[in-house]
Participant: 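Structure in structure tokens, see below.
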Number of protein chains: 2
Amino acid sequence: MVKRKAAGQISSDEDRMYTDIYDAVMGHRLPPQTKLTELGLCEIYGLARHSVRKVLAQLAEDGLVDLLPNRGAYIASPSPQEGSEMFELRQALERLVIHNVAEQAPATKLAHLKDMVRHEREAWNKGDRPTWIRLSADFHVELAKLSGNALLTDILRRLVSRTTLLIASIESPGQNVCSFDDHLDILSKLEAGDKTGALKSMARHLSDCAQRSAKTEEKRFDLRSALMQS
Amino acid sequence: MVKRKAAGQISSDEDRMYTDIYDAVMGHRLPPQTKLTELGLCEIYGLARHSVRKVLAQLAEDGLVDLLPNRGAYIASPSPQEGSEMFELRQALERLVIHNVAEQAPATKLAHLKDMVRHEREAWNKGDRPTWIRLSADFHVELAKLSGNALLTDILRRLVSRTTLLIASIESPGQNVCSFDDHLDILSKLEAGDKTGALKSMARHLSDCAQRSAKTEEKRFDLRSALMQS
DNA sequence: CAAGAAGTGATTGTTGACAATAATAGGGGG
DNA sequence: CCCCCTATTATTGTCAACAATCACTTCTTG
């Protein structure tokens, strides 16, 4: 469950709308550039327009939707440029995460993460893609929590959402983009007290993800240019 | 001037309110924990309450005010814990900034920054503390812009605001907390192509700032405990 | 006299109506 | 036949009144 800061109380319906859209985006039932009309969401969730706008603002803040003035809310579609910026940032931030966890976090806390990876694998095996994608993202956020830096966790949480949105738009279901094997590898390095190894594993993991998403975006671009010629 | 993303158009009055409060906080004319009542701000800026609430939400998003449900908006007062978290993050992010600027940015772009530092020194010499603090913060943001990573710039901008708020609450006007000498040092290292040196200068600069703010916060705490005994 | 409870005033949160803007469809001129 | 201009419709942005909540004063009671 995604936590948000106190900014006017949050009704349970608003919370539901947020997570619904989040899940729908991650399961790419809501493809990028889909328009979300306020009135439509009002009817679906029985909320006042004001509340809908509040949730949309939160989604925009987390980078999941783009809010165009006088034109409405659209599911975000990160450009390749933004994609590489995200991963560059994540490299810097998750390096700090690993550093702090390796230095400070007790090994007992890592058990929780191992459970998560187990569930990740289960979801993958069952073909439950939305759950898998969500857990795959949560792994990085939960790891960040162990760093003890709340600010870092919050920023990384948003960044992971955006990254996941990027990945969710990839249409190759056979390819696993953010492997639980990698996650398990990072965990075992941390358990063994091998900080340098953990740093390397994380760096490679992120670099792999970045490359994969960049490649598929390139493919998408080629496809478009191919259509242009016809 | 602080740029914000498109999220419903921004009237010039709303913009003015944002920058006014920003400046007032930085010049510590608005000390932490000061309450900002909506109606008061409405009268001052001739805005509707709705607009005021929108700006307050933005300020909260940037970490300058705390928004307590049903209790109103208060100028934020970062705890020592948050303070150290901020600087830890800035160390990681600004290392990335320096790295990118050293690798990519053309030296000609650095001229602009040199001008800024000049103005910084002027403001300091004139005793214009608000302007100095603002320029001192802007230096880091403008440097981040040269990194070419818009996401990084945006995150760092908020972080710098929060840091500056922390620093602004320090009551020793004689002490310069974020020296332009340091800024100049970083610039010259970058100009000379000395990436390692620039990284070190930046790291030391931030570490100095962190230490100073931590020290004064400790002092404040002592003062409070002293009052408790009376 | 102190502590707690109820009432009052001030402040925030929400709802619905109105205004402004952008997307769409239809018609006239080139 | 295509393009541009205008009218209509749909959607977003803003405003003002209403409801809920909180802070404070006053009154009662042990």
Side-chain angles (χ1 to χ4, degrees), chain A residues 2-21 24-25 30-77, chain B residues 2-21 24-25 30-77:
Chain A
V2 181
K3 276 186 205 135
R4 288 188 300 298
K5 29 183 64 173
Q9 48 258 53
I10 294 156
S11 91
S12 77
D13 280 329
E14 292 175 15
D15 218 343
R16 197 161 57 87
M17 172 178 158
Y18 183 98
T19 56
D20 274 7
I21 293 178
V25 169
L30 279 180
Q33 299 183 349
T34 304
K35 168 147 190 177
L36 304 175
T37 63
E38 297 178 356
L39 217 63
L41 293 169
C42 287
E43 287 171 4
I44 292 171
Y45 292 100
L47 286 168
R49 212 155 66 86
H50 180 264
S51 306
V52 168
R53 288 170 68 85
K54 216 166 52 177
V55 176
L56 286 176
Q58 283 171 7
L59 287 163
E61 194 55 47
D62 288 354
L64 269 72
V65 309
D66 287 334
L67 230 48
L68 309 183
N70 286 320
R71 303 204 30 202
Y74 297 82
I75 302 297
S77 63
Chain B
V2 181
K3 278 188 204 132
R4 288 187 302 297
K5 32 182 63 171
Q9 50 259 53
I10 294 155
S11 90
S12 77
D13 280 328
E14 292 175 14
D15 217 344
R16 197 160 56 88
M17 173 178 158
Y18 183 98
T19 57
D20 274 7
I21 293 178
V25 168
L30 279 178
Q33 299 183 348
T34 304
K35 168 148 190 178
L36 304 175
T37 64
E38 297 178 356
L39 215 63
L41 293 168
C42 287
E43 287 172 5
I44 292 171
Y45 292 101
L47 285 168
R49 214 155 66 84
H50 180 263
S51 306
V52 168
R53 288 170 68 83
K54 216 167 52 177
V55 176
L56 287 176
Q58 282 171 7
L59 287 163
E61 194 56 46
D62 288 354
L64 267 72
V65 309
D66 288 333
L67 230 47
L68 310 183
N70 287 320
R71 303 204 28 203
Y74 297 81
I75 303 296
S77 63

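Residue numbers start from 1 in every chain, and the chains themselves are labelled A, B, ... in the order their sequence lines are given, proteins ahead of strands.
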Participant: Using a 4.5 Å cut-off on heavy atoms from C-beta on, say whether the side chain of A/R16 contacts that of A/D13.
Facilitator: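 Yes - at least one pair of side-chain heavy atoms lies under 4.5 Å apart.
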Participant: Please state how far atom CZ in B/R49 lies from atom P in C/dT14, giving the value in whole angstrom units.
Facilitator: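 The answer, rounded to whole Å, is 11 Å.
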Participant: Starting at CG of A/L39 and ending at P of D/dT12, how long is that distance when rounded to a whole Å?
Facilitator: 8 Å
Participant: Rounded to whole Å, how long is the line connecting atom CG of A/L68 with atom P of D/dT11?
Facilitator: 16 Å
Participant: Could you work out which one of D/dT14, C/dT14, D/dT12 sits closest to the side chain of B/H50?
Facilitator: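 Looking only at side-chain atoms, B/H50 lies closest to D/dT14.
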Participant: Between A/L56 (CG) and D/dT11 (P), how many Å, whole number?
Facilitator: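 So the two atoms are 14 Å apart, to the nearest Å.
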Participant: Of the candidate nucleotides D/dT14, C/dG13, D/dC15, which contains the atom at the shortest distance from the side chain of B/S51?
Facilitator: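 Out of D/dT14, C/dG13, D/dC15, the nucleotide with an atom closest to B/S51's side chain is D/dC15.
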Participant: Identify each atom pair where a protein N or O and an N or O of nucleotides 22-24 of chain D are less than 3.5 Å apart, giving names and distance.
Facilitator:
from: D/dA23; atom 1: OP1; to: B/R71; atom 2: NE; distance (Å): 2.6
from: D/dA23; atom 1: OP1; to: B/R71; atom 2: NH2; distance (Å): 3.2

Participant: I'd like to check the side-chain contact (heavy atoms from CB on, under 4.5 Å) partners of A/T34; sequence neighbours left out, ordered by chain and number.
Facilitator: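 Here the qualifying residues are A/L30, A/P31, A/I75.
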Participant: Could you measure the distance from the CE atom of B/M17 to the OH atom of B/Y45? Nearest 0.5 Å is fine.
Facilitator: 7.0 Å
Participant: Determine: side-chain N/O of B/K54 to OP1/OP2 of D/dG13, distance under 4.0 Å, yes or no.
Facilitator: no
Participant: Taking side chain as C-beta onward, heavy atoms only, is A/V55 less than 4.5 Å from A/D15?
Facilitator: no
Participant: Rounded to whole angstroms, how far apart are CD on B/E38 and C1' on C/dG13?
Facilitator: 8 Å
Participant: Where do B/Y18 and B/L59 come nearest, in terms of heavy atoms and distance?
Facilitator: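 Taking every non-hydrogen atom into account, CE1-CD2, 3.5 Å.
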Participant: Looking at D/dT11, I'd like to know if its phosphate oxygens (OP1 or OP2) sit under 4.0 Å from a side-chain N or O belonging to A/K35.
Facilitator: no
Participant: If you define the side chain from C-beta out and look only at heavy atoms, does anything of B/I21 sit under 4.5 Å from B/L64?
Facilitator: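 No; the side chains remain at least 4.5 Å from each other.
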Participant: Taking all non-hydrogen atoms of both residues into account, name the closest pair between A/P32 and A/A76 and its distance.
Facilitator: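 That would be CB-O, 3.5 Å.
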Participant: Base, sugar-phosphate alone, or nothing: which one does B/L36 contact when heavy atoms must sit under 4.0 Å apart?
Facilitator: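 Contact class for B/L36: sugar-phosphate only.
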Participant: From CZ of A/R53 over to P of C/dT14, roughly how many Å is that when rounded to an integer?
Facilitator: 15 Å
